[in-house]
Amino acid sequence: MHLLVVDWDYFFPTPTAGAPLGPDPELYAWPVAEDPTHVEAIWLRRLRAFQVVGVPLPYCRGFLRFWGRFGFSAEAALFYADSNAWAGQIFPSNLGGAGPWESVHLYDAHHDCGYKQNHRSFEDWKARGPVSAENRLLAHYWAGSRLHVHFPSWRESMRRPAEEPLIPVGMTIDTGRAPNVVFDAVFVCRSGAWVPSWSDFVVFGAQRKKRNRTSSNTNPDRILDRASGRP
């Protein structure tokens, strides 16, 4: 069985995650934490920082053309949460299977395989935990899954930022080609500490409009609908 994990920051280019620096990189120098302040209240202050200097607000992009490349099993399940930490707790047993995922493919602006500022090593994480958004792929590595990290195409190179995951893992910049697997589960993370709330109406509004314009079974939005069991 195979798991697809998509973090919404994959669709939100930022200089700190490897997008071009542009003329105002300091506007993206955001401390992040998964707490009510940094998921909700902080975005109004950051919005005003863009307005003060007259810089247009950045938005998510590329999300509508993203899904059509993937194959999904007929009974694929869709999981959704604000934090990617929950992806570290989803296993084939949630779907009636057993053992680890054969593969986990992550599409994300970050590798989520643990960071040395938090843990000295994989063994250190195993001893101290916890599972968090920054390290939840370690849980799947520990279980025996093959991991694949796909960074967004807007990332300029693998040299910036420098990556030092706590485990050996394949990391590439997405070329648009689909993995040669059929996914049995999809986990989508809203990632509210990294993606501004002002993007929500663009993302979800565009998806609703696209769903209303077509009834094709190849529409990626309908793929997600089938995966979640909705008509």
Side-chain angles (χ1 to χ4, degrees), residues 3-19 21 25-43 45-46 60 79-91 94 100-101 103-152 154-174 185-197:
L3 173 64
L4 172 64
V5 181
V6 181
D7 191 311
W8 220 249
D9 67 11
Y10 176 94
F11 305 108
F12 186 72
T14 61
T16 52
L21 292 176
E26 70 281 356
L27 292 174
Y28 297 87
W30 297 333
V32 294
E34 292 196 313
D35 58 42
T37 297
H38 291 87
V39 171
E40 299 174 3
I42 197 70
W43 291 111
R45 184 189 308 170
R46 293 170 178 170
C60 293
F79 299 88
Y80 173 87
D82 192 78
S83 173
N84 234 342
W86 293 103
Q89 302 184 43
I90 296 174
F91 289 88
N94 294 99
W101 298 104
S103 71
V104 178
H105 285 264
L106 170 66
Y107 288 78
D108 197 318
H110 309 90
H111 59 69
D112 293 352
C113 291
Y115 294 86
K116 291 186 177 179
Q117 62 263 39
N118 300 321
H119 296 89
R120 295 186 301 275
S121 65
F122 174 59
E123 296 300 325
D124 180 37
W125 172 81
K126 284 171 61 177
R128 298 194 295 118
V131 175
S132 69
E134 293 82 5
N135 62 39
R136 49 34 185 231
L137 279 190
L138 298 181
H140 293 294
Y141 177 80
W142 194 359
S145 298
R146 296 199 309 270
L147 307 180
H148 306 270
V149 175
H150 307 265
F151 292 120
W154 46 258
R155 178 169 171 150
E156 290 188 306
S157 77
M158 290 298 297
R159 296 186 298 275
R160 184 182 66 83
E163 306 291 1
E164 295 184 282
L166 299 184
I167 55 173
V169 59
M171 299 182 293
T172 61
I173 295 176
D174 186 17
V186 185
F187 180 92
V188 178
C189 169
R190 168 60 185 79
S191 208
W194 285 264
V195 180
S197 54

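Taken from CG in Leu147 to NE2 in His105, the straight-line distance is 9.5 Å, to the nearest 0.5 Å. Going from atom CG of Leu106 over to atom CG of Leu3 covers 9.5 Å, rounded to the nearest 0.5 Å. Once rounded to the nearest 0.5 Å, the distance linking CH2 of Trp154 with CG of Asp174 reads 11.5 Å. Atoms SG and CG, from Cys113 and Leu166 in turn, are 8.0 Å apart once rounded to the nearest 0.5 Å. Note: Asp82 CG to Trp8 CH2 = 12.5 Å, rounded to the nearest 0.5 Å.
Considering every non-hydrogen atom in both Pro13 and Ala19, the closest pair reads CB-CB, 4.0 Å. Thr16 approaches Tyr28 most closely through the heavy-atom pair CG2-O, 3.8 Å. Of all heavy-atom pairs spanning Ser145 and Pro100, the tightest one is OG-CB, 3.6 Å. In plain terms, the two heavy atoms of Ser83 and Phe187 that are nearest each other are O-CZ, 3.6 Å. The nearest pair of heavy atoms linking Glu34 to Asn84 is OE2-N, 4.3 Å. Looking at every heavy atom in both residues, His119 comes nearest to Asp124 through CA-OD2, 3.3 Å.
Within 6.0 Å of CZ on Arg159 lie no more than 12 heavy atoms contributed by other residues, nucleotides or ligands. Within a 6.0 Å radius of CZ in Arg160, more than 12 heavy atoms belonging to other residues, nucleotides or ligands are found. More than 12 heavy atoms of other shown residues, nucleotides or ligands fall within 6.0 angstrom of atom CD in Gln89.
Looking at Trp43, its side chain does come within 3.5 Å of a backbone N or O of Gly192 through a donor-acceptor pair. Of the possible polar contacts, one joining the Arg190 side chain to the Val195 backbone as a donor-acceptor pair under 3.5 Å is found. Not one N or O on the side chain of Asp7 forms a donor-acceptor pair closer than 3.5 Å with the backbone of Tyr10. Side-chain N or O atoms of Trp194 include none that pairs as donor or acceptor with a backbone N or O of Phe12 at under 3.5 Å. Judged purely by atom type and a 3.5 angstrom limit, His140 has no side-chain atom pairing as donor or acceptor with the backbone of Phe91. Looking only at distances, no side-chain donor or acceptor of Asp112 sits under 3.5 Å from a matching main-chain atom of Ser132.
At least one side-chain heavy atom of Leu137 sits under 4.5 Å from a side-chain heavy atom of Val149. Val5 has its side chain out of reach of Ile90: every pair of non-hydrogen atoms, C-beta onward, lies at least 4.5 Å apart. The shortest distance between side-chain heavy atoms of Met171 and Pro165 falls below 4.5 Å. A heavy-atom distance below 4.5 Å is found between the side chains of Trp125 and Asn135. Here the side chains of His148 and Val104 are not in contact, with every heavy-atom distance at 4.5 Å or above.
With hydrogens and angles left out, the side-chain atoms of His110 and Asp9 include a donor and acceptor closer than 3.5 Å.
One finds a salt bridge joining Arg136 and Asp108 here, because a Lys/Arg side-chain nitrogen approaches an Asp/Glu carboxylate oxygen to under 4.0 Å. A salt bridge links Arg155 with Glu163; the closest basic N to acidic carboxylate O contact falls under 4.0 Å.
Using cut-offs of 30° and 60° for the angle between ring planes, the Phe122 and Trp142 rings count as perpendicular.
Residues Phe151 and His111 keep their aromatic ring centres 6.0 Å or farther apart.
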